[in-house]
Amino acid sequence: MLNPMLALMFWTLCVALYLLTLRIRAVRRGDASLGYFRLYTDAQKAPPAAAIAASKHYDNLFQVPVLFYLACVTALALGLPGAPVLAWAFVLLRLIHGFIHMSYNNVMHRLVAFLAGNLVLLGIWVLIALQVSSRG
């Protein structure tokens, strides 16, 4: 369970570096104003769409994945068989979601990857619930 967690953390750091690169490039090229990043308002010149998509995706990596990390730690503590396969499936779907989000950004494709990932995460939590309920 630790390897999928580390993989998702590594992906999160990669997205953070990508986002930083896009923001620096946008400011240097004059495509965005540095002032925009003070309050993230439209009062200043906003960054290009690619930087906004990367920013939204980075934010998203601190939403549902929090439940993933908690599920992984719980599954690890319970010694759940099958959970690592589901954990890797979740990570793969998050990578697919991220590549869609930060490349061609088709909302329906992104939604399918997002929903599939959430269903896999739900599967991990169902395994946890079944294990806990069987213990009495």
Side-chain angles (χ1 to χ4, degrees):
M1 293 302 290
L2 292 176
N3 287 331
M5 291 170 62
L6 289 171
L8 189 57
M9 178 53 69
F10 180 73
W11 172 244
T12 302
L13 294 175
C14 287
V15 172
L17 291 173
Y18 176 65
L19 173 58
L20 178 63
T21 301
L22 289 175
R23 286 178 174 177
I24 290 170
R25 185 180 307 146
V27 170
R28 283 186 177 163
R29 290 181 179 172
D31 295 335
S33 71
L34 190 57
Y36 172 83
F37 297 105
R38 286 192 188 114
L39 297 175
Y40 295 92
T41 64
D42 292 332
Q44 302 289 327
K45 190 173 183 181
I52 293 171
S55 178
K56 296 291 184 184
H57 187 69
Y58 184 70
D59 290 345
N60 188 263
L61 287 168
F62 290 93
Q63 295 167 1
V64 172
V66 170
L67 297 173
F68 168 74
Y69 293 122
L70 181 59
C72 284
V73 169
T74 304
L76 187 61
L78 294 173
L80 285 179
V85 172
L86 292 175
W88 277 116
F90 179 81
V91 171
L92 178 62
L93 288 162
R94 292 306 300 190
L95 289 170
I96 292 168
H97 175 262
F99 283 117
I100 293 168
H101 201 174
M102 294 183 291
S103 61
Y104 68 99
N105 204 10
N106 180 293
V107 174
M108 293 310 295
H109 294 170
R110 204 173 82 213
L111 177 64
V112 169
F114 181 79
L115 289 177
N118 283 346
L119 287 174
V120 169
L121 180 58
L122 178 62
I124 298 171
W125 281 107
V126 167
L127 285 177
I128 292 168
L130 291 172
Q131 179 74 11
V132 169
S133 68
S134 72
R135 289 186 176 188

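It should be emphasised that the depicted structure is a prediction, and the values quoted were computed from it without experimental measurement.
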With a cut-off of 3.5 Å and sequence neighbours excluded, list every side-chain donor-acceptor pair involving residues 69-87.
| residue | atom | partner | partner atom | Å |
| --- | --- | --- | --- | --- |
| Tyr69 | OH | Met9 | N | 3.4 |
| Thr74 | OG1 | Leu70 | O | 2.8 |

Item to check | Single-linkage hydrophobic cluster Phe62~Tyr18, side-chain heavy atoms < 4.5 angstrom | outcome: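 Yes, Phe62 connects to Tyr18 through the hydrophobic network.
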Item to check | Co-membership, hydrophobic cluster, residues Leu122 and Leu130, 4.5 Å side-chain | outcome: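 Yes: a chain of side-chain contacts under 4.5 Å links Leu122 to Leu130.
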Checklist entry - Passes side-chain contact (heavy atoms from CB on, under 4.5 Å), Val64 versus Asn60? Steps please. => result CA-CA 7 Å; Val64 172; Asn60 188 263; 5.6 Å; no
Mind listing the side-chain donor-acceptor pairs of residues 19-30 below 3.5 Å, one per line with the distance, residues two or more places apart or on another chain?
| residue | atom | partner | partner atom | Å |
| --- | --- | --- | --- | --- |
| Thr21 | OG1 | Leu17 | O | 2.9 |
| Arg23 | NH1 | Tyr40 | OH | 3.3 |
| Arg23 | NH2 | Ser55 | OG | 3.1 |

Straight-line distance of [X] [atom1] to [Y] [atom2], nearest 0.5 Å:
X      : Y      : atom1 : atom2 : value
Met1   : Leu6   : CE    : CG    : 11.5 Å
Met102 : His57  : CE    : NE2   : 4.5 Å
Leu34  : Lys45  : CG    : NZ    : 13.0 Å
Asn106 : His101 : CG    : NE2   : 11.5 Å

Pairs under 3.5 angstrom only: tabulate donor-acceptor contacts from the side chains of residues 107-114 to other protein residues two or more places apart or in another chain.
| residue | atom | partner | partner atom | Å |
| --- | --- | --- | --- | --- |
| His109 | ND1 | Tyr104 | OH | 2.7 |
| Arg110 | NH1 | Asn105 | OD1 | 2.5 |

Item to check | Minimal non-hydrogen separation, Ala7 against Val91, with atom names | outcome: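 Minimum heavy-atom contact is CB-CG1, 4.1 Å.
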Next on the checklist: On a heavy-atom basis, which atom in Leu8 and which in Phe68 lie closest, and how many Å separate them?
Outcome noted: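 Between these two residues, the closest heavy atoms are CD2-CD2, 3.5 Å.
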Checklist entry - Taking C-beta and beyond as the side chain, do Ile124 and Ile128 meet within less than 4.5 Å on heavy atoms? => result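 Contact flag for Ile124/Ile128 side chains = yes.
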Next on the checklist: Using side-chain heavy atoms (C-beta onward) and a distance below 4.5 Å, is Pro4 in contact with Phe90?
Outcome noted: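 In short, these two side chains do not touch, never coming nearer than 4.5 Å.
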Item to check | Ring-ring centroid check Phe99 Trp11, cutoff 6.0 Å | outcome: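 Distance test on ring centres: under 6.0 Å, yes.
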